[in-house]
Amino acid sequence: MKKIFYIMLLGVMIITSCQKELEIGETATKKMAGEWFLRYSDDGGETWGDYTHFSTYNTASNSSSEMWLDDLETFWPMKGKVSIDVGNKTFSGANIANEYAESTFTITDGKILEKAAKASGSKTVTDSLYFKATFSDDPGTEYILAGYRKTGFLEDEH
C-alpha cells in the first residue's frame, strides 16, 4: 500500500512540475508607458529648473486610445488622461480635467521618438518624449516639455 502511495505521489509531482508558468499580460499602452525626465521651456528656448519626473501609464480600462500623463514632481501640477495613437506614438487632448488642481490643461504635438535622446549623465541612447502644454490657470502661456525615458542608471536620475 505504501508503495502505491509513493508511486502516485511521484506521478503527481512530475505532472505538476511540468506545468507552464503563467505569463503576465501586457497593457494596451505598453509601447508608450514609462517614466521620464522632462524639462519645461518656452518657445524661445528658455528652460526653467532641472528635470522633473513624469510618468505615462495605462488607464484602468486598459484602452489603447488613452493613457495617463502625470507630472510626479509637480513643477506644474498636471495629471490627466490624453488621447493616444499607439501605432504612431502620438498623444494630445483639449481641456483635460486636471486631477491635481481645479483647472484644465491642453496637450498638443505629443510624441515619443524611439532612440532619439541621450540621457543626461550616462549618455545612454533612449527614447524621447516631447509635447506642448497650456494651462487654464495660466492662459496664453504655452510650455514645451521635452526629455528622455528613465534609463535606470544612477547618473541619469534627477
Side-chain angles (χ1 to χ4, degrees), residues 19-158:
Q19 289 180 344
K20 185 176 181 181
E21 291 289 320
L22 295 176
E23 292 182 25
I24 298 173
E26 295 179 355
T27 65
T29 62
K30 178 185 176 192
K31 292 181 179 181
M32 297 182 71
E35 291 185 63
W36 309 86
F37 292 111
L38 305 180
R39 293 184 83 178
Y40 281 82
S41 64
D42 63 16
D43 58 3
E46 182 180 348
T47 303
W48 296 281
D50 197 9
Y51 286 91
T52 186
H53 190 190
F54 260 76
S55 188
T56 54
Y57 50 91
N58 199 47
T59 62
S61 65
N62 195 29
S63 171
S64 62
S65 63
E66 67 180 359
M67 72 177 177
W68 285 102
L69 183 65
D70 192 347
D71 179 352
L72 299 173
E73 293 180 0
T74 61
F75 171 83
W76 194 286
M78 176 189 355
K79 179 181 179 182
K81 293 178 186 177
V82 293
S83 298
I84 63 172
D85 178 339
V86 176
N88 291 317
K89 294 188 178 179
T90 58
F91 58 95
S92 63
N95 299 314
I96 301 162
N98 191 343
E99 299 287 321
Y100 291 145
E102 291 185 23
S103 63
T104 62
F105 60 93
T106 296
I107 302 296
T108 58
D109 299 329
K111 56 189 159 195
I112 295 172
L113 302 168
E114 288 186 43
K115 298 181 181 6
K118 283 191 179 180
S120 63
S122 70
K123 305 300 183 206
T124 301
V125 175
T126 187
D127 295 345
S128 170
L129 182 76
Y130 172 92
F131 62 94
K132 295 178 181 177
T134 56
F135 301 91
S136 64
D137 51 350
D138 186 17
T141 304
E142 181 177 69
Y143 295 93
I144 298 169
L145 289 93
Y148 62 90
R149 186 183 297 270
K150 183 176 179 175
T151 64
F153 294 114
L154 287 177
E155 59 265 36
D156 298 329
E157 296 290 317
H158 295 276

- Lys31: partners by salt bridge (charged side-chain N to carboxylate O under 4.0 Å, His left out), with sequence neighbours left out: none
- Here the pair of heavy atoms bringing Thr106 nearest to Asn95 is OG1-N, 3.1 Å
- Is the backbone N or O of Thr104 less than 3.5 Å from a side-chain atom of Asn98, with the two atoms forming a donor-acceptor pair by type? no
- Is there a side-chain contact between Phe91 and Asp85 (heavy atoms, below 4.5 Å)? no
- Note on the structure: Residue set satisfying salt bridge (charged side-chain N to carboxylate O under 4.0 Å, His left out) with Lys118, at least two apart, ordered chain then number -> none
- Query: Could you walk me through whether Tyr148 and Ser120 pass the side chain to side chain donor-acceptor pair (under 3.5 Å) check?
  - Reply: CA-CA 9 Å; Tyr148 62 90; Ser120 63; 3.1 Å; yes
- Task: List the steps, then state whether side chain to side chain donor-acceptor pair (under 3.5 Å) holds for Ser63 with Ser61.
- Result: CA-CA 5 Å; Ser63 171; Ser61 65; 4.7 Å; no
- Pairwise side-chain contact, Val86 with Met32, heavy-atom cut-off 4.5 Å (strictly under): yes
- Item | 4.5 Å side-chain heavy-atom contact, Asp70 and Met78 | no
- Message: Give me each pair satisfying salt bridge (charged side-chain N to carboxylate O under 4.0 Å, His left out) with a member in residues 126-143, each pair once, sequence neighbours excluded.
- Response: Asp109-Lys132, Asp127-Arg149
- Partners passing side-chain hydrogen bond (donor to acceptor under 3.5 Å, both in side chains) against Thr47 (at least two apart in sequence or in another chain): none
- Check side-chain contact (heavy atoms from CB on, under 4.5 Å) between Ala97 and all other residues, then give those that pass, not counting sequence neighbours. none
- Query: Under the salt bridge (charged side-chain N to carboxylate O under 4.0 Å, His left out) test, which residues partner Arg39, sequence neighbours left out?
  - Reply: none
- Apply ring-ring contact (aromatic ring centres under 6.0 Å, His included) to the pair Tyr143 and Trp76, showing each step before the final yes or no. CA-CA 10 Å; Tyr143 295 93; Trp76 194 286; 5.3 Å; yes
- Message: Tell me the closest heavy-atom pair linking Gly80 and Ile96, and the distance in Å.
- Response: CA-CG2, 3.7 Å
- Message: Is it the case that the side chain of Asp156 and the backbone of Ser122 share a donor-acceptor pair, with hydrogens and angles ignored and the cut-off at 3.5 Å?
- Response: yes
- Please identify each residue that fulfils ring pair (Phe, Tyr, Trp, His ring centres under 6.0 Å) with Phe105, with sequence neighbours left out. none
- Message: Within the 4.5 Å heavy-atom criterion, are Thr90 and Ile84 side-chain neighbours or not?
- Response: no
- Tell me, do Leu38 and Leu129 make a side-chain contact under 4.5 Å, heavy atoms counted? yes
- Steps toward side-chain contact (heavy atoms from CB on, under 4.5 Å) verdict (Asp42, Ile144): CA-CA 6 Å; Asp42 63 16; Ile144 298 169; over 6 Å; no
- Non-hydrogen side-chain atoms of Phe54 and Phe37 separated by less than 4.5 Å: no
- Task: Applying side-chain contact (heavy atoms from CB on, under 4.5 Å), name anything that partners Glu102, two or more places apart in sequence or on another chain.
- Result: none
- Note on the structure: The side-chain hydrogen bond (donor to acceptor under 3.5 Å, both in side chains) partners of Thr29 (sequence neighbours excluded) come to Asn58
- Task: List the steps, then state whether side-chain contact (heavy atoms from CB on, under 4.5 Å) holds for Thr52 with Asp71.
- Result: CA-CA 8 Å; Thr52 186; Asp71 179 352; 3.4 Å; yes
- Message: Test of understanding: with side-chain hydrogen bond (donor to acceptor under 3.5 Å, both in side chains), list the residues that count as partners of Thr56, not counting sequence neighbours.
- Response: Trp36
- Are Lys89 and Glu114 ion-paired here, with the side-chain N under 4.0 Å from a carboxylate O? yes
- Note on the structure: With sequence neighbours left out, the residues meeting salt bridge (charged side-chain N to carboxylate O under 4.0 Å, His left out) with Glu35 are Lys150
- Query: Side-chain contact, heavy-atom cut-off 4.5 Å: Glu46 with Ser41?
  - Reply: no
- What pairs with Lys111 under side-chain hydrogen bond (donor to acceptor under 3.5 Å, both in side chains), at least two apart in sequence or on another chain? none
- Message: Are Thr108 and Ser92 packed together at the side-chain level, in the sense that at least one heavy-atom pair is separated by less than 4.5 angstrom?
- Response: no
- Query: Are Met67 and Tyr57 close enough, and set up right, to give a side-chain contact (heavy atoms from CB on, under 4.5 Å), and what steps lead you there?
  - Reply: CA-CA 6 Å; Met67 72 177 177; Tyr57 50 91; over 6 Å; no
